[in-house]
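Heads up, the thing below is written out as structure tokens.
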2 protein chains.
Amino acid sequence: MHKTGGDNPKKLVSCPVEATIQVVGGRWKVLILHRLLEHDMRFGELLRALKGVTARTLTKQLRELEADGIVSRTVHQQVPPMVEYAITPKGRELEPTLLAMHAWGEKYG
Amino acid sequence: MHKTGGDNPKKLVSCPVEATIQVVGGRWKVLILHRLLEHDMRFGELLRALKGVTARTLTKQLRELEADGIVSRTVHQQVPPMVEYAITPKGRELEPTLLAMHAWGEKYG
DNA sequence: CAGGATCCGTACTGATACTG
DNA sequence: CAGTATCAGTACGGATCCTG
């Protein structure tokens with residue numbers, strides 16, 4: 001979720017819960033985090049793992065997560081190029097949230 | 001969250017985490033739940049509590065939460081009208097998620 | 001009081017084609 | 001491989017006016 005932001009002017013968050021939703025609210029972000037919490041992944045791996053996402057969208061969501069300090073992006077200089085995404089400590093602390101969401105989603109939904 | 005759906009065709013959720021995000025991903029939904037977890041509220045109360053939301057938007061978000069079985073809507077037949085919103089048992093089980101989000105948002109963000 | 005109706009901006013996301 | 005550029009649809013959410 002992430003819609004009124006525009007150029008991400010930090011948005012003036014009134015409640016801590018809102019801050020978290022803005023970081024995790026994107027269409028694919030929780031899925032991305034879910035994967036990266038298990039192990040680092042390359043761009044192409046994520047692209048295949050998240051059936052349905054396009055490269056353009058995946059790139060944007062990853063960039064936003066990166067800007068929020070949730071994931072790190074490491075470019076391995078070589079041919080062909082290889083870019084690895086990993087979760088940061090800050091991002092890993094979202095794991096309880098993800099687990100809680102997973103539990104709820106499994107019970108309902 | 002909560003974007004490509006359209007007329008809410010149950011969306012084919014591949015991961016439980018995704019199901020939860022789709023329910024909670026609205027711009028104001030976590031704020032609404034946060035309030036309702038404390039105590040029931042009338043429409044006008046919510047409208048004032050959530051500084052910045054419009055009546056139209058609040059109505060829509062409440063209707064979606066209602067459709068997802070997260071909140072209940074009780075109309076007290078009288079003049080002037082009085083409508084109370086409350087959290088359902090299903091909705092209350094989102095509390096761990098909200099708490100986890102609250103903790104993270106308090107530390108970062 | 002608690003909305004419904006209408007108009008509308010724009011952010012989100014996808015499709016497709018192209019590049020270092 | 002890992003993107004970027006461009007075009008475009010549409011759902012989300014706000015503003016404003018109106019009503020039982």
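To find a chain, count down the sequence lines: A is the first, B the second, and so on, and within it residues start at 1. Only heavy atoms go into these numbers, but all of them, side chains included; no hydrogens, no water, no symmetry mates. What you see is a predicted model, and the numbers here were worked out from it, not measured in a lab.
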Return the value, rounded to whole Å, for the distance between atom [atom1] of [X] and atom [atom2] of [N].
| X | N | atom1 | atom2 | answer |
| --- | --- | --- | --- | --- |
| Trp28(B) | dG14(D) | CH2 | C1' | 10 Å |
| Leu31(A) | dT13(C) | CG | P | 12 Å |
| Leu58(A) | dA2(D) | CG | C1' | 10 Å |
| Leu47(A) | dG14(C) | CG | P | 11 Å |
| Arg27(B) | dA15(D) | CZ | P | 11 Å |
| Glu64(B) | dC12(D) | CD | P | 6 Å |
| His76(A) | dG3(D) | NE2 | C1' | 16 Å |
| Lys60(B) | dA15(D) | NZ | P | 14 Å |

Reading nucleotides 1-6 of chain C 5' to 3', which nucleotides get B (base under 4.0 Å from a protein heavy atom), which S (sugar-phosphate only), which -?
BSSS-B
So, does Thr57(A) get its side chain near the phosphate of dG14(C), meaning an N or O under 4.0 Å from OP1 or OP2?
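For dG14(C), OP1 or OP2 has a side-chain N or O of Thr57(A) closer than 4.0 Å.
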Report yes if a side-chain nitrogen or oxygen of Gln78(A) is closer than 4.0 Å to either non-bridging phosphate oxygen (OP1 or OP2) of dC1(D); otherwise report no.
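Gln78(A) to dC1(D) OP1/OP2: no side-chain N or O under 4.0 Å.
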Who pairs with Arg92(A) by side chain to side chain contact (heavy atoms under 4.5 Å, CB included), at least two apart in sequence or on another chain?
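With sequence neighbours excluded, Arg92(A) shows a side chain to side chain contact (heavy atoms under 4.5 Å, CB included) to Leu37(A), Ile87(A), Glu95(A), given in chain and number order.
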Could you tell me whether Arg27(B) and Glu18(A) make a salt bridge, using a distance below 4.0 angstrom between a side-chain N and a carboxylate O?
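So Arg27(B) pairs with Glu18(A) through a salt bridge.
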Name the atoms and distances for all side-chain donor-acceptor pairs under 3.5 Å in residues 45-54 of chain B, with sequence neighbours left out.
unit_1, atom_1, unit_2, atom_2, d
Glu45(B), OE1, Arg42(B), N, 2.7
Thr54(B), OG1, Thr57(B), N, 3.3
Thr54(B), OG1, Thr57(B), OG1, 3.1

Apply salt bridge (Lys or Arg N to Asp or Glu O under 4.0 Å) to Lys90(A) and list each qualifying residue two or more places apart in sequence or on a separate chain.
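So Lys90(A) forms no salt bridge (Lys or Arg N to Asp or Glu O under 4.0 Å) with any residue.
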Tell me every residue that passes ring pair (Phe, Tyr, Trp, His ring centres under 6.0 Å) with Tyr85(B), counting only those two or more places apart in sequence or in another chain.
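Checked Tyr85(B) against ring pair (Phe, Tyr, Trp, His ring centres under 6.0 Å); zero matches.
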Sort and list the pairs that fulfil ring pair (Phe, Tyr, Trp, His ring centres under 6.0 Å) and have at least one residue in residues 89-109 of chain A, not counting sequence neighbours.
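Ring pair (Phe, Tyr, Trp, His ring centres under 6.0 Å) check on residues 89-109 of chain A returns His34(A)-His102(A), Trp104(A)-Tyr108(A).
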